[in-house]
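In what follows, a structure is listed as structure tokens, so that the remarks can point back to it.
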Amino acid sequence: MPIVINSLEYQLPADPRVSLLDFIRDHTGLPGTKKGCDHGQCGACTVILDGVRINSCLTLAVMHDNCDVITIEGIGSAEQPSALQQAFVKHDGFQCGYCTPGQICSATAMLAEIAEGWPSDATQDIGTRPSLSDEEIRERMSGNLCRCGAYPNIVAAIREVADAGQ
Amino acid sequence: MTAHMKHDQPDERNVLDHMAQGIIGKSLDRPEGLLKVSGTATYAAEYVIDGCLEGVIVTSTCARGKVTSIDKQSVMSMPGVVDVINEPRMIARPAQGTANEAPEHKVGEIHYWGQPVALVVAETIEQARDAAKNLVIEYAPALAEFNPEDVVPEPQPDGTNEGDLNQAMEGADQCVDLTFTTEGHASAAMEPHAAIAQWDGKMLTVHASLQMLNYNIAELADALKLKQSQIRLISRYVGGGFGSKLGISEEVVAASVAAMVLDRPVRVVMSRQQVFQTIMRRSETRQRVRLSAKADGTFTGIGHEAVVSNLPGEEFAEPVTQSTDFLYAGDNRIMQIAVARIHRMTAGSVRAPGEAVGMPALEAAIDELAEKLGIDPIELRLRNLPDKHPVEGTPYSSRKLAECLTQGAKSFGWKKGKRTPRSRREGEWWIGTGVASAARVHNVGEAKARVTLRDDGTALVETDMTDIGTGTYAILGQIAGEMLGLNPDAVDVQLGDTKHPRGPGSGGSWGAASIGSAVFLACEAIRKELAGRAKVKAEKLTLKDGQIGTGKFSLPLTELIGGKSISVIGHYEPGAVEKNFVASGYGAFFAEVAVNHWTGETRVRRMTGAFGFGRVLNAKTARSQCIGGMVWCIGSALTEALHFDPNDGHLVNCDLAEYHVPVHRDIPDLDVIMVEERDPVASLIQAKGIGELGMCGGAGAIANAIYNACGARMHAFPMTPDKVLSAMPD
Ligand code: FES
Ligand code: FES
């Protein structure tokens, strides 16, 4: 069975050692997903797999036949950027840009998680719906490192889109 | 045509302020922003090249000794393996920033744990990685010193010793004599070092992740014994540098050698662990800070002595005392750095070498002195700003330190008066505030850029200068746009390719000032040419929105260009002003922290940074540089430390799980104030560097805030919970 990435089908690799990240970057012509550590420590490789954000370096491509993957290229393009991509540009939510696709994929899925009521470490009362506080955003984005230190601007970008969507 | 200027005189014309377009300094989006957010900006490892092989570096498992054998046959029969390469052209250490030549050290002679010894090349990355793990290498290990405390450090030749500091300390109304330690730091840029090399028999093309192509091309040519004209380096997008990509490193040369040996393109990407193990570290430091003062707070003496470390044979010594040299008054002065020769990976530039660790120690010492004197710490600093360089008597170029301290204090809500630790508690948390000055020497480098005003009325800027996240694409578009009366989207900026004129490279915060001056010079010459064509004086020219006005008439720029595009190379050269003035960026940090009484955990609750760095070229990207620096302050104050095994010298925390860079939740909203300034000495565009200033002292403000919060006075960075707990009074 193939794997579906951004609505296109790809045949899985013959070599079972190929990580999902390397498959996306090197076998599909979609280098937007980044490799910062290859060990699940930085979030640069975040993609959305069957609706859930994952570190694509921590899983093998062959485990995902018939799965549906959305990468940064599937979220929007330079010509037709998503609201979050536009907000990142407006708030300068990046500098070098290397962590950025991961931040945006992560934030896209994160907003859906909050909407569904998933609690986090920052949630005051897990019996109630989590709020969209800056602290919630920061906690939930903490798996996405940014060495350039664009954090306050990333939060501002996410905040703007979250507020607009409410 | 070339427009050349050597910066021998201060440029007080402030030409950019008299232009008509009105975009300089504005908070504009980065022109490459949409590419970055859509994942279509192409970084070094991402160029698709037919038939490209994959190389994996193999590193040493001892810290000193010799490679006695590499058993190629142990892997040659593995699937896909093409070759194992270990030859003398490869390099064993990264080149230091602006080295301009290859490091000499040989690959087979081991000087640090994790030193590259060979490259395994295979058809796929999986095959190469597997083979690299299986390659059998034998070593003859030798004894080595790993710990700076175990060796006698060598004093550096260029210290300061003025007056008699010992006597000043004895005669002082108040003084402090403190020893601080800071741990090693890693740049940890998010993009691991990577290179793809292609060799066609005559010409080598390398896509790499590098900060300073103008030097890197010479370094690579030297390593490979090629002419520079046989090499083209391309680094259009660099996923962060922070010093780690100043000089060429092992993967660039390994990929190039392999491509030349095998006649096929080869890609080499370092693993995160290899980046930690083989690329530059910032040295740990041990610093003695002495301050002596009269009762009114006037400094009579200032001493700053540091022991840092590096490998044998490395010239670089973390310049810890660099800004202490000129920042505060005091007739009796000692500044001295000594280097302990040990076998850890190369020590080199990591964002703000020197001040990043020297300023926090100095500023924490001042806080202790202020407490002893009973003087507000801001007031104490303000009372000790000299009129000129305290030893050499050289004038300052432009210095906004006092403004930064006072404006920052106002914005932060700094409370003057007696400061008593443990004055405020919220539940388990002690709350406190701290302040520190920022200073970072200003540098410039020789720079060339070509600006072409094209037939269609748009402009093209070309230089091999890089944008490592700093905003070079944005600011060069704004400088050229301002000078030529064009919207930034009518200016195409092409960077990061050695086929263009040589820029200064990105490093030491000198990029914007240097290359900006080169673009400025080129544009000035173009304006002159336009004035000539319009038969008016250049000063009479108004260029705005693609229209040219002379006071007498106005017409579209394209008409005056009339099919004859104008192309000028601007050539900026540092000159006498460098010697005749002390130029530095200045600032002030204010932090409010919460320290947990039971766990010793510190949370930074808010932070203000006020900075003066000359002209702001783009308020948005400038602010980003500042907040990035402040994030690094928080990391170096609280969490970042390289840990080495004292027995075999290996780096224990060689990944992002164990080396703790700040994450989202560690960073509160950061308040940045950019104090209006024009520095006629710093550059022809009156701008100074900002990339490093934002992290030069802030860790000291956090340390001071921790003390004010909970009463724990510490002298060891980072201030992790274990240290806070043991220093906290009951
Ligand atoms: S590359 Fe996957 S988490 Fe870092
Ligand atoms: S933008 Fe450079 S690491 Fe986040």
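Labels below follow one simple rule: chain letters A, B, ... track the order of the sequence lines, proteins then strands, and each chain is numbered from 1. Quick note: numbers below take in every heavy atom, side chains included, and nothing from hydrogens, waters or symmetry partners.
Counted by atom type alone, B/Thr124 and A/Asp15 present zero donor-acceptor pairs between their side chains at under 3.5 Å.
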(request) Tell me, with the steps shown, if B/Val663 and A/Met141 meet side-chain contact (heavy atoms from CB on, under 4.5 Å). (result) CA-CA 8 Å; B/Val663 305; A/Met141 292 300 294; over 6 Å; no

(request) Could you check B/Glu126 against A/Val18 for side-chain contact (heavy atoms from CB on, under 4.5 Å), going step by step and ending with a plain yes or no? (result) CA-CA 7 Å; B/Glu126 291 77 18; A/Val18 178; 3.4 Å; yes

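A pairwise comparison of heavy atoms in A/Asp121 and B/Arg665 identifies OD2-NH1, 2.6 Å as the closest pair.
When side chains are defined from C-beta on, B/Tyr237 does not count as touching A/Cys96, because their heavy atoms never get closer than 4.5 Å.
Proximity to chain B at a heavy-atom threshold of 4.5 Å picks out A/Ile72, A/Glu73 from residues 51-75 of chain A, in numerical order. Applying a 4.5 Å heavy-atom cutoff, the residues of residues 79-95 of chain A that approach chain B are A/Pro81, A/Gln85, A/Phe88, A/Val89, A/Lys90, A/Asp92, A/Phe94, A/Gln95. Identified by a heavy-atom distance below 4.5 Å to chain B, the contributing residues of residues 102-114 of chain A are A/Gln103, A/Ile104, in residue-number order.
Each of B/Asp669, B/Ile667, B/Ile634 was checked for a side chain to side chain contact (heavy atoms under 4.5 Å, CB included) with A/Tyr151, and the lone residue meeting it is B/Ile667.
Ionic pairing of B/Glu46 and A/Lys34 is present here: one or more N-O contacts between side-chain nitrogen and carboxylate oxygen are shorter than 4.0 angstrom. Residues A/Glu135 and B/Arg603 are not paired through a salt bridge, judged by the lack of any N-O separation under 4.0 Å between the basic side chain and the carboxylate.
Each ring-ring contact (aromatic ring centres under 6.0 Å, His included) pair with one or both residues in residues 97-142 of chain A, not counting sequence neighbours, appears once here: A/Tyr98-B/Tyr43.
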